[in-house]
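Working notes for the structure below.
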Amino acid sequence: MARFLYSVLLYCLSPLVVLYLLFRSVKSEDYRQRWLERFGFKRLSQTEILIHSVSMGETLAALPLIRAIQSTYPELSITVTTTSPTGSAEVVKGLGGSVQHCYLPFDFSLCIALFLKKIRPKYLIIMETELWPNLIHFAANMGTKLMLVNGRLSDKSMRQYQKYIHLALPMLNKLDLIATQSPSISQRFSSLGVDSEKIFSCGSLKFDLSIDTVKLNAATKLRATLKLQERFIWVAGSVHPGEFDDILTAHKQLLAVQPNALLIMVPRHPEQFNAAAAAITAHQLLSVRRSDKIEVDIDVQVLLGDTMGELILFYGAADQAFVGGTLIENGGHNPLEPAALGLPVLLGPYYWDFAEIADLLSEAGGLRFIDSAETLSRALIVYLKDKEAYRQASIAALSVVESNRGSLVNHMRLIEPLMAPPS
């Protein structure tokens with residue numbers, strides 16, 4: 001009954017879904033395309049495995065797992081779905097034609113049923129927390145094996161699930177496997193009433209990120225090309241409107257101490273690039289845009305990273321990193337990429353989507369929390385002036401990443417029995 005009411009409510013809200021797409025289309029050209037996919041109207045081939053990886057962050061974490069599945073089961077075809085253009089771009093970039101790819105339709109019952117009827121997956125692997133009642137219901141009814149991998153469940157999300165437990169618990173109990181990022185997350189799923197025998201703590205797939213030498217060399221070349229060798233550089237990565245002013249104010253305070261400092265500010269979404277440029281101008285800081293390919297000379301104070309797929313290069317060329325989505329109530333973004341490059345990491349107070357990872361880094365000494373422009377600038381200056389503190393933080397960040405690798409192996413050990421043919 002709860003799922004029926006949920007489905008009715010979704011149909012009632014369908015005009016708002018269209019308005020949402022129109023709104024995103026105004027800001028981002030990518031959202032003007034492929035609307036039919038979002039409602040299940042795309043010609044698709046039947047595949048054995050369906051993997052849903054949501055957006056860019058989840059897709060990057062999923063890529064090693066997908067490649068491991070391809071290597072272990074080369075005879076099985078795979079469809080990978082996302083919900084965002086950035087996630088879609090990472091699928092195309094990372095997997096090319098080796099998988100079938102499209103957007104996952106909105107969770108309208110007719111759209112999801114039509115979509116699943118086309119591909120008829122034997123296995124559905126869902127990344128992190130992208131759980132949709134109709135997707136789970138119709139896939140389970142088809143006899144699909146259902147797996148949640150790299151599972152996340154914050155305290156905030158758990159409270160939301162508890163409010164709608166009559167909808168959430170039947171959905172969760174249809175899952176055949178829940179592989180979580182930590183024991184505390186496993187406990188939250190158990191507290192909701194999910195059968196504990198299907199819940200396993202595997203660590204985060206994000207710890208198994210691999211930054212190859214090609215990217216590292218590209219980062220070194222980027223620093224040299226931009227003539228930044230002698231400058232202090234910090235990156236504000238994956239930042240959102242609402243954070244721009246604090247970041248730019250902190251940078252101005254840093255410039256008073258270190259006049260040659262350079263901020264590389266990288267908005268999370270392409271539609272935010274122009275707003276970020278306007279904010280930089282309002283703060284009267286001299287800037288260039290990465291997309292303009294203009295030389296960054298000593299007078300430039302801010303480089304606006306208005307390109308896609310280059311954040312890891314910017315981290316690789318930097319001395320310190322602030323990870324965005326944490327000075328506003330967003331939940332944060334992945335701090336492991338800068339940590340894996342040995343950068344001391346700074347986060348705001350709103351980091352619940354990466355709480356376990358951030359706390360590990362903080363306890364080791366590789367991450368500091370800030371809550372304002374003033375505390376951000378002070379933290380930057382501490383590591384700028386105290387070389388030994390910087391070295392210790394860098395070592396700590398690297399050690400946390402290295403000591404927590406192995407999640408991919410743990411996940412594959414759990415997935416393989418479920419994908420084994422019946423005896």
What donor-acceptor contacts under 3.5 angstrom involve side-chain atoms of residues 41-51, with partners at least two apart or in another chain?
from, atom 1, to, atom 2, distance (Å)
Thr47, OG1, Thr79, OG1, 2.8
Glu48, OE1, Ser77, N, 2.8
Glu48, OE1, Ser77, OG, 2.6

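- Not counting sequence neighbours, the partners of Val382 by the side-chain contact (heavy atoms from CB on, under 4.5 Å) test are Arg368.
- Applying the ring pair (Phe, Tyr, Trp, His ring centres under 6.0 Å) test to pairs two or more places apart or on separate chains, those with a residue in residues 332-381 are His240-His333, Tyr351-Phe369.
- Of all heavy-atom pairs between Asn330 and Asp353, the closest is O-OD2, 4.0 Å.
- Applying the 6.0 Å contact sphere to CD of Glu75 captures more than 12 heavy atoms from other residues, nucleotides or ligands.
- Considering every non-hydrogen atom in both Leu303 and Phe314, the closest pair reads CD2-CE2, 4.5 Å.
- Here the CG-NE2 distance, from Leu104 to His52, works out to 4.5 Å after rounding to the nearest 0.5 Å.
- Judged as a salt bridge (Lys or Arg N to Asp or Glu O under 4.0 Å), and not counting sequence neighbours, Arg3 has no contacts.
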Next item on the list: Report the C-alpha separation of Ser377 and Gln253 in whole Å, then their side-chain angles, then the decisive distance to 0.1 Å, and conclude whether the side-chain hydrogen bond (donor to acceptor under 3.5 Å, both in side chains) test is met.
Entry: CA-CA 6 Å; Ser377 63; Gln253 293 170 355; 2.6 Å; yes

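- Using modelled atom types, one finds no donor on one side chain facing an acceptor on the other under 3.5 Å when comparing Asn404 with Ser204.
- By the 4.5 Å heavy-atom criterion applied to side chains, Ser394 and Tyr383 are not counted as neighbours.
- Here the side chain of Thr281 pairs a donor or acceptor atom with the backbone of Ala277 at under 3.5 angstrom.
- With rounding to the nearest 0.5 angstrom, the OG1 atom of Thr144 is 13.0 Å from the NZ atom of Lys174.
- Taking both residues in full, the closest heavy atoms of Tyr11 and Ser109 are given as OH-OG, 3.1 Å, listed atom of the first, atom of the second, then distance.
- Annotation for Gly348 and Thr326: closest pair N-OG1, 2.8 Å, computed over non-hydrogen atoms.
- The salt bridge (Lys or Arg N to Asp or Glu O under 4.0 Å) check on Arg405 picks up Glu402, with sequence neighbours excluded.
- Between Arg188 and Asp155 a salt bridge is recorded (basic side-chain N to carboxylate O distance below 4.0 Å).
- Ser291 and Asp306 form a side-chain donor-acceptor contact under 3.5 Å, judged by distance and modelled atom types alone.
- Here the side chain of Asp208 pairs a donor or acceptor atom with the backbone of Leu408 at under 3.5 angstrom.
- In summary, the side chains of Ser84 and Tyr31 do not present any donor paired with an acceptor at a separation below 3.5 Å, with no hydrogens or angles considered.
- Residues forming a side chain to side chain donor-acceptor pair (under 3.5 Å) with Ser201 (at least two apart in sequence, or on another chain): none.
- Residues satisfying the side chain to side chain donor-acceptor pair (under 3.5 Å) test with Asp245, not counting sequence neighbours, are His283.
- With a 4.5 Å cut-off on side-chain heavy atoms, Ile178 and Leu175 count as touching.
- Counting non-hydrogen atoms of neighbouring residues, nucleotides and ligands closer than 6.0 angstrom, the NZ atom of Lys252 exceeds 12 such neighbours.
- Put simply, the side chain of Leu63 reaches to within 4.5 Å of the side chain of Arg67, judged on heavy atoms.
- Of all heavy-atom pairs between Ser98 and Gln70, the closest is OG-NE2, 3.1 Å.
- Here the side chains of Tyr315 and Leu343 are in contact, with some heavy-atom distance below 4.5 Å.
- For Glu416 and Lys145, the salt-bridge test fails: no basic side-chain N is under 4.0 Å from an acidic carboxylate O.
- Side-chain contact annotation: Thr82 with Ser88, donor-acceptor N/O pair under 3.5 Å absent.
- Contact check on Asp386 versus Arg391 returns no salt bridge, with no Lys/Arg side-chain nitrogen under 4.0 Å from an Asp/Glu carboxylate oxygen.
- In this structure, Leu360 and Phe207 have side chains that are in contact, with non-hydrogen atoms separated by less than 4.5 Å.
- Counting heavy atoms from C-beta on, the side chains of Ile199 and Ser190 come closer than 4.5 Å.
- The two residues Gly316 and Leu341 come nearest to each other via the heavy atoms N-CD1, 3.7 Å.
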Next item on the list: Show the numbers, then the answer: is there a side-chain contact (heavy atoms from CB on, under 4.5 Å) between Val323 and Val345?
Entry: CA-CA 7 Å; Val323 179; Val345 182; 4.0 Å; yes

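- Legend: residues meeting salt bridge (Lys or Arg N to Asp or Glu O under 4.0 Å) with Glu128, ordered by chain and number and at least two apart, are Arg152, Lys206.
- In this structure, CD1 on Ile185 lies 5.0 Å from CD on Gln181, to the nearest 0.5 angstrom.
- Looking only at side-chain heavy atoms (C-beta outward), Val235 and Asp319 stay at 4.5 Å or farther from each other.
- Here Asp371 pairs with nothing under the salt bridge (Lys or Arg N to Asp or Glu O under 4.0 Å) rule; sequence neighbours left out.
- Within the 4.5 Å cutoff, the side chain of Ile78 has no heavy atoms near those of the Gln100 side chain.
- Using a 30° and 60° split on the angle between ring planes, Phe39 and Phe108 fall in the parallel class, below 30°.
- Remark: Ser157 pairs with Ser154 by the side chain to side chain donor-acceptor pair (under 3.5 Å) rule, at least two apart or across chains.
- Side-chain contact, Asp107 with Tyr6: a donor N or O sits under 3.5 Å from an acceptor N or O.
- In terms of the side chain to side chain donor-acceptor pair (under 3.5 Å) criterion, Ser287 has no residue partners (sequence neighbours excluded).
- Checked by atom type, the side-chain pair Trp132/Glu130 shows a donor-acceptor distance below 3.5 Å.
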Note to self: Could you walk me through whether Ser184 and Gln187 satisfy the side-chain hydrogen bond (donor to acceptor under 3.5 Å, both in side chains) test, starting with their C-alpha distance in whole Å, then the side-chain angles of each, then the deciding distance to 0.1 Å, before giving a yes or no?
What the structure shows: CA-CA 5 Å; Ser184 59; Gln187 182 57 48; over 6 Å; no

Would you mind writing out the side-chain donor-acceptor pairs for residues 262-269 within the sub-3.5 Å range, not counting sequence neighbours?
from, atom 1, to, atom 2, distance (Å)
Arg268, NH1, Ser238, OG, 3.3
His269, ND1, Gln272, NE2, 3.2

